[in-house]
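Here, residue 1 is the first one in the sequence, and each next residue gets the next number. Just so you know, ligand 1 is whichever comes first in the structure, and atom 1 is the first atom listed for that ligand. Please read all numbers here as calculations on a predicted model, not as lab measurements.
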Amino acid sequence: MAKAKITTVFYCQNCGHESSKWMGQCPACREWNTFVEEKVNTKVSAPLASKPGQGREKPLRLSEITLNEEERMSTHIKELDRVLGGGIVSGSLILVGGDPGIGKSTLLLQVCQKMVKDGRKILYISGEESLRQIKLRANRIGEFGENLLLLCETNLGMIEETIRRTAPDVTIIDSVQTVYNDEISSSPGSVSQVREATNVFLQLAKSTGISVFIVGHVTKEGTVAGPRVLEHMVDTVLYFEGDRHASYRILRGVKNRFGSTNEIGVFEMQDKGLVEVANPSEFMLDGRPEGASGSIVSCAVEGSRPILLEIQALVCHTSFGLPRRQAIGTDYNRVNLLMAVLEKRVGLKLADCDAYVNLAGGMKITEPAIDLAIAMAIASSLKNRPIDDNMAAFGEIGLSGEVRSVSMIEQRIREAAKLGLTNCVIPQSCIKQVKNIEGIKLTGVSSVQDAIDLI
Ligand code: TYD
Ligand code: MG
């Protein structure tokens with residue numbers, strides 16, 4: 001066997017780009033100051049097929065390959081199953097990424113709870129928390145069965161050996177950035193360490209059929225390799241996102257070899273762990289003021305799910321020469337653009353006004369379909385005239401003030417109808433596509449002016 005050779009390379013901690021010299025800016029992901037020197041042992045990871053007994057020498061015909069149907073395990077958390085495409089595929093490697101403190105460990109511990117009750121054997125390996133800390137968290141979440149196995153370990157070799165010995169159905173590695181291989185000289189969390197660890201888990205999953213969840217923290221400092229470095233190696237990538245100050249959390253599928261990535265799962269963080277939110281629209285519209293100016297409902301599509309949300313605007317006279325503009329939960333530049341359109345095409349006097357736009361509930365939406373609602377909220381606040389509480393608006397606004405069509409129009413209208421709204425303002429060009437929906441009056445508009453006239 002070739003002798004191990006130790007070389008020095010530089011890795012971008014954001015995207016994993018490799019370079020032989022240090023660079024200020026990563027040419028691949030354009031992030032600054034992310035290169036870190038690492039020593040790599042060029043021998044360590046042999047490719048999957050070169051290990052004895054694992055390579056399949058004879059190629060098979062597609063028709064010769066048999067699938068057994070029962071290969072998906074339900075997590076009994078509907079929102080998670082939905083994002084995974086119907087459950088955990090055995091032998092798959094799933095990466096769960098997200099900011100520290102967002103709730104990754106909590107979610108996965110809840111997966112353990114549900115699956116253990118289902119009679120599955122689960123091994124939870126933590127490199128971040130002590131067994132006592134996990135127990136404390138588990139006590140908050142509720143009753144656990146007998147079959148949950150816990151281990152605190154960071155050494156890759158030990159982890160691999162334990163997983164092979166216990167042979168669980170599912171194993172969870174929390175987090176991959178704490179795992180290290182002592183044959184590699186770079187520190188835990190570096191690109192070469194997390195790659196090596198993921199490679200080992202990949203081989204383990206594929207050769208034994210154990211499903212492996214790996215947790216990866218998204219970090220800004222650049223000293224720890226982020227989950228993006230691993231995205232190409234794993235089967236499924238899920239990101240857990242949400243506003244720190246809002247209680248809801250969104251689980252988003254970014255990559256899925258076993259299902260579509262067009263799905264999101266919505267959760268709410270409560271004192272007893274994460275609770276599924278089956279109807280996000282209801283959750284988002286909760287506590288909406290009645291008869292207030294500058295407020296209107298719009299419908300955004302997240303993945304394949306329409307979600308209603310309230311858009312608020314506050315426009316007031318500026319006391320300084322330069323008006324203040326602020327956008328919370330949506331694109332600031334887009335709001336500026338819409339205000340310019342309102343000024344030029346509708347003739348609203350906004351140049352000497354401060355304007356604040358807020359998506360209530362802490363959602364972040366950049367979809368242009370909410371343009372029309374933002375424009376109507378701004379106009380309503382400026383004129384101090386409330387919009388009908390039962391009205392929702394969606395449509396993209398172009399620079400000439402035209403209202404352009406949006407996708408999935410019918411789903412959006414149905415979602416509005418479900419929550420008891422009675423009036424939808426939609427692009428004129430979409431009117432023909434929509435069949436009659438009971439209880440909903442549709443108003444087609446072809447320009448912003450038409451929409452503002454409704455207020
Ligand atoms: P955690 O799962 O530890 O985050 P991560 O593993 O992504 O770093 O989540 C921790 C946060 O969740 C912490 O701020 C406290 C909060 N939390 C609750 O609000 N309720 C609960 O029942 C639990 C277990 C945590
Ligand atoms: Mg954690």
Subject >> Gap between atom OG of Ser211 and atom CG of Leu93 - 0.5 Å precision >> reply: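 With rounding to 0.5 Å, CG (Leu93) is 9.5 Å from OG (Ser211).
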Original post:
Between atom SG of Cys12 and atom CZ of Arg228, what is the distance when rounded to the nearest 0.5 Å?
Top reply: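 Result: 8.0 Å between the selected atoms.
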Which residue and atom name correspond to the protein heavy atom nearest [atom], and how close is it?
| atom | result |
| --- | --- |
| atom 4 (O) of ligand 1 | Gly103 N, 3.1 Å |
| atom 19 (O) of ligand 1 | Met269 CG, 3.4 Å |
| atom 22 (O) of ligand 1 | Gly273 N, 2.6 Å |
| atom 6 (O) of ligand 1 | Ser105 OG, 2.5 Å |

Original post:
Any idea which of Gln110, Arg140, Lys104, Glu128 brings a heavy atom closest to atom 7 (O) of ligand 1?
Top reply: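 Ranked by closest heavy atom to atom 7 (O) of ligand 1, first place is Lys104.
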**OP:** Considering only NZ, NE, NH1 and NH2 on the basic side and carboxylate oxygens on the acidic side, decide whether Glu129 and Arg137 come within less than 4.0 Å.
**Re:**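 Here Glu129 pairs with Arg137 in a salt bridge, since their nearest N and O are under 4.0 Å apart.
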Subject >> Which of the ligand 1 atoms, numbered from 1, are nearer than 4.0 Å to a heavy atom of Lys272 >> reply: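 Reading through ligand 1 atom by atom, the close ones are 22 (O).
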Original post:
Which ligand 1 atoms, with their elements, are less than 4.0 angstrom from a heavy-atom of Gln270?
Top reply: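 So the atoms of ligand 1 that pass are 18 (C), 19 (O), 20 (N), 21 (C), 22 (O).
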Please say whether [X] places an N or O atom under 3.5 Å from an N or O atom belonging to ligand 1.
| X | value |
| --- | --- |
| His217 | no |
| Gly101 | yes |
| Pro100 | no |
| Glu129 | no |
| Thr106 | yes |

Side-chain contact test, heavy atoms from C-beta onward, threshold under 4.5 Å: evaluate it for [X] versus [Y] and give yes or no.
| X | Y | answer |
| --- | --- | --- |
| Leu309 | Ile365 | yes |
| Asn155 | Tyr180 | yes |
| Met284 | Met363 | yes |

Subject >> Per-residue contact class, Val215 against ligand 1 - non-hydrogen pairs under 4.0 Å >> reply: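 Neither; nothing of Val215 gets under 4.0 Å from ligand 1.
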Would you say the side chains of [X] and [Y] form a donor-acceptor pair under 3.5 Å?
| X | Y | result |
| --- | --- | --- |
| Gln110 | Glu276 | no |
| Asp118 | His76 | yes |
| Ser175 | Glu128 | yes |

**OP:** Answer yes if a protein heavy atom lies under 4.0 Å from atom 15 (C) of ligand 1, otherwise answer no.
**Re:**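 No, there is none.
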**OP:** Could you point out which residue of Leu123, Val215, Ile159 forms a side chain to side chain contact (heavy atoms under 4.5 Å, CB included) with Ile173?
**Re:**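 Answer after filtering Leu123, Val215, Ile159: Ile159.
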Original post:
With a cut-off of 2.8 Å, does Ser105 place any N/O/S atom under that distance from the Mg ion (ligand 2)?
Top reply: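 It does: Ser105 brings an N, O or S atom closer than 2.8 Å to the Mg ion (ligand 2).
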